[in-house]
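These notes concern the structure reproduced below.
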Amino acid sequence: MTEQALSDLPIILLAAGQSRRMRGADKLLEDVDGMPLLRRQANMACMVTCGPILVALPPPPHPRYQCLDGLGVNRVAVRDAAEGMNASLRTAFAALPEKTDAAMLVLADLPELTPDDLNTVLQAVDLNSDNLIWRGATEDGKPGHPIVFSAKLFPEIATLTGDDGARAVVSEFEDQVELVTLPGSRARMDLDTPEEWAKWRSAAPV
């Protein structure tokens with residue numbers, strides 16, 4: 001993929017989940033690096049691409065909308081967000097500009113991902129190769145995020161239902177997936193409960 005194309009690659013940020021395991025709190029509004037996690041992730045995307053950034057959100061009104069104020073992102077309401085992750089995928093990919101060659105998918109709840117991680121995956125993308133998916137992986141080889149999908153797979157994503165994410169698509173085309181190793185476990189490290197957040201913060205360097 002050319003450097004110009006890489007710099008314009010759209011990024012989709014999935015942020016329409018309900019944080020059910022947080023017992024009333026919203027994990028995407030937890031403070032990370034001095035700001036709500038969702039704003040941090042959106043800022044990260046803005047640092048990586050000049051292309052459109054689409055943030056899949058629950059139907060308004062919702063506090064997540066306000067935490068994105070002032071950022072150059074497109075807030076995409078997922079009307080059937082309660083269905084699960086695949087409603088967000090269908091809605092966000094359908095909102096991509098026409099003639100998009102590929103798009104990066106980032107989960108909003110991975111607090112250790114960095115702009116360098118996103119760039120590392122982007123630099124691995126070669127749309128002239130046989131691969132159709134490029135995804136971040138942990139140091140020990142476990143697949144994670146971010147994930148770049150070739151536009152050839154957009155029709156597959158448009159038919160997904162339920163809450164399995166794009167696992168069915170990745171599984172079907174597993175021989176055309178390139179894993180891109182990222183440091184540590186940050187390609188998969190999410191925090192779903194208050195206890196996990198407390199443990200993570202207690203281990204963070206001062």
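Keep in mind that this is a model prediction, so the values were computed, not measured. Heavy atoms only: backbone and side chains are in, while hydrogens, waters and symmetry mates are out.
- Each ring-ring contact (aromatic ring centres under 6.0 Å, His included) pair with one or both residues in residues 19-40, not counting sequence neighbours, would appear here, but there are none.
- Residue pairs meeting the salt bridge (Lys or Arg N to Asp or Glu O under 4.0 Å) criterion with at least one partner in residues 37-51, sequence neighbours excluded, are Asp33-Arg40.
- Residues satisfying the ring-ring contact (aromatic ring centres under 6.0 Å, His included) criterion with Phe149, sequence neighbours excluded, are absent altogether.
- Partners of Ala77 according to the side chain to side chain contact (heavy atoms under 4.5 Å, CB included) rule, which considers only residues two or more places apart in sequence or in another chain, are Pro60, Tyr65.
- Among residues two or more places apart in sequence or in another chain, the side chain to side chain contact (heavy atoms under 4.5 Å, CB included) test is passed with Arg79 by none.
- Judged as a side-chain hydrogen bond (donor to acceptor under 3.5 Å, both in side chains), not a single pair has a partner in residues 147-156 (not counting sequence neighbours).
- In terms of the side chain to side chain contact (heavy atoms under 4.5 Å, CB included) criterion, residue partners of Ala42 (sequence neighbours excluded) are, by chain and number, Leu13, Leu68, Leu71, Val73.
- Judged as a side chain to side chain contact (heavy atoms under 4.5 Å, CB included), and not counting sequence neighbours, the contacts of Ala151 are Phe154.
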Distance-only check: which donor-acceptor pairs under 3.5 Å involve side-chain atoms of residues 171-178, not counting sequence neighbours?
| from | atom 1 | to | atom 2 | distance (Å) |
| --- | --- | --- | --- | --- |
| Gln176 | NE2 | Asp130 | O | 2.8 |
| Glu178 | OE1 | Asn131 | ND2 | 3.3 |
| Glu178 | OE1 | Trp134 | NE1 | 3.4 |

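- Here Arg167 pairs with nothing under the salt bridge (Lys or Arg N to Asp or Glu O under 4.0 Å) rule; sequence neighbours left out.
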Which pairs would a plain distance check flag for residues 116-123, meaning a side-chain donor or acceptor within less than 3.5 Å of a matching protein atom at least two apart in sequence or in another chain?
| from | atom 1 | to | atom 2 | distance (Å) |
| --- | --- | --- | --- | --- |
| Asp117 | OD1 | Arg186 | NE | 3.2 |
| Asp117 | OD1 | Arg186 | NH2 | 3.0 |
| Asp117 | OD2 | Thr114 | N | 3.0 |
| Asp117 | OD2 | Thr114 | OG1 | 3.2 |
| Asp117 | OD2 | Arg186 | NE | 2.7 |
| Asn119 | ND2 | Pro115 | O | 3.4 |
| Thr120 | OG1 | Asp116 | O | 2.8 |

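- Residues that satisfy the salt bridge (Lys or Arg N to Asp or Glu O under 4.0 Å) test with Glu83, not counting sequence neighbours, are Arg90.
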